[in-house]
Amino acid sequence: MSPTAAPPFAEALRAALEADVVEAAPLLLGCILSRGERSARIVEVEAYRTPDDPACHAHRGQTRRNATMFGRPGLAYVYFTYGNHWMLNVVAHPPGVAAAVLVRAAEPLTGLEEMRSLRPRARRDEDLLSGPGKLTAAFGIDRADDGCDLLGGRGPLRLEPGVPPARIVTGSRIGVTDGREHLWRFIDADALPWASRPLPR
DNA sequence: GTCCGGATTACCT
DNA sequence: GGTAATCCGGACT
């Protein structure tokens with residue numbers, strides 16, 4: 001085995017992301033997001049893509065804000081919204097074609113003290129990562145992380161293999177008006193306490 | 001240059 | 001369950 005060979009997990013996930021964001025999004029459930037001592041198991045994601053999805057940021061073409069979404073599968077697309085919040089996405093589809101998976105919620109595994117210090121308003125551990133803006137706050141994710149490779153095994157922010165869910169619930173994406181007919185929200189059905197909302201609607 | 005609304009959160013009733 | 005906070009990106013006058 002070559003010492004420079006990429007781990008099978010990363011290669012397989014990157015290939016799945018490149019092939020189809022809707023098929024790949026549920027594969028992110030159960031994966032571990034890690035940064036230093038902090039780690040968490042992803043329990044909720046949403047898929048966005050061009051050209052047939054009006055809810056996708058890149059639906060009207062490339063801009064400076066969404067440029068990372070046109071990059072290589074496995075990159076982090078991080079954007080700012082609502083005046084306060086950063087959102088973490090995993091880029092999908094081949095370079096030049098925009099698609100991404102929004103990471104909406106996770107179950108904290110390690111480094112909870114650091115997460116709590118960055119989320120002082122969270123009263124319970126279930127409040128630490130149960131929303132896309134909460135998750136980025138607890139991991140200290142911001143503009144500086146936009147464009148980093150989550151599957152390269154080199155950067156501080158990484159996606160690693162975990163325990164896949166036994167059951168998955170799908171539903172309409174949260175906060176989306178155009179494109180709500182797409183059931184592209186995916187949740188680990190056995191991890192609902194850690195999700196951004198108790199039940200899909 | 002100005003205006004509108006947002007892939008949200010947290011607090012209030 | 002309803003809504004204020006907060007400010008940037010994209011569209012348009």
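We name chains A, B, ... by the order of the sequence lines, and we start the count at 1 in each one. Note that the structure is predicted; figures quoted are calculated from it, not measured. Heavy-atom basis, side chains included; hydrogens, waters and symmetry copies ignored.
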Open item on the list: In this structure, which stretches of DNA chain B are paired as stems of three or more consecutive Watson-Crick or G-U pairs, both distances less than 3.5 Å?
Closed with: B:1-6 with C:7-12, B:8-12 with C:1-5
Output one line per pair: protein atom, nucleotide atom from nucleotides 11-13 of chain C, and distance, for all N/O pairs under 3.5 Å.
none

- [ ] Please name all residues satisfying salt bridge (Lys or Arg N to Asp or Glu O under 4.0 Å) with A/Arg158, sequence neighbours left out, ordered by chain then number.
- [x] none
Open item on the list: Once salt bridge (Lys or Arg N to Asp or Glu O under 4.0 Å) is applied, what residue pairs with a partner in residues 86-101 of chain A remain, sequence neighbours excluded?
Closed with: none
Open item on the list: Across nucleotides 2-13 of chain B, 5' to 3', mark each nucleotide with B, S or - according to how protein heavy atoms within less than 4.0 Å reach it.
Closed with: ----BBBSSS--
- [ ] May I have all residue pairs that pass salt bridge (Lys or Arg N to Asp or Glu O under 4.0 Å) and include part of residues 86-109 of chain A, sequence neighbours excluded?
- [x] A/Glu44-A/Arg104, A/Glu46-A/Arg104
Task: All pairs passing salt bridge (Lys or Arg N to Asp or Glu O under 4.0 Å) where residues 80-94 of chain A contributes a residue, at least two apart - done: none
TODO: With sequence neighbours left out, write down each residue that passes side chain to side chain donor-acceptor pair (under 3.5 Å) with A/Arg124, or none if nothing qualifies.
DONE: A/Asp127
Open item on the list: Could you walk me through whether A/Arg173 and A/Asp178 satisfy the salt bridge (charged side-chain N to carboxylate O under 4.0 Å, His left out) test, starting with their C-alpha distance in whole Å, then the side-chain angles of each, then the deciding distance to 0.1 Å, before giving a yes or no?
Closed with: CA-CA 10 Å; A/Arg173 294 169 294 178; A/Asp178 294 333; over 6 Å; no
Open item on the list: Taking side chain to side chain donor-acceptor pair (under 3.5 Å) as the definition, give me every residue that meets it alongside A/Arg121, ordered by chain and number, with sequence neighbours left out.
Closed with: none
Side-chain donor-acceptor distances from residues 68-78 of chain A under 3.5 Å, at least two apart:
residue: A/Thr68; atom: OG1; partner: A/Asp146; partner atom: OD1; Å: 3.2
residue: A/Thr68; atom: OG1; partner: A/Asp146; partner atom: OD2; Å: 2.9
residue: A/Tyr77; atom: OH; partner: A/His57; partner atom: ND1; Å: 3.0

Task: Between B/dG5 and C/dT3 - C1' atom distance, rounded Å - done: 15 Å
Donor-acceptor contacts, no H, no angles, side chain residues 24-36 of chain A, under 3.5 Å, sequence neighbours left out:
residue: A/Ser34; atom: OG; partner: A/Glu160; partner atom: OE2; Å: 3.4
residue: A/Arg35; atom: NH1; partner: A/Phe139; partner atom: O; Å: 2.9
residue: A/Arg35; atom: NH1; partner: A/Gly140; partner atom: O; Å: 3.2
residue: A/Arg35; atom: NH1; partner: A/Asp145; partner atom: OD2; Å: 3.4
residue: A/Arg35; atom: NH2; partner: A/Asp145; partner atom: OD1; Å: 2.4
residue: A/Arg35; atom: NH2; partner: A/Asp145; partner atom: OD2; Å: 3.4

Open item on the list: According to salt bridge (Lys or Arg N to Asp or Glu O under 4.0 Å), who are the partners of A/Asp20, at least two apart in sequence or on a separate chain?
Closed with: A/Arg49
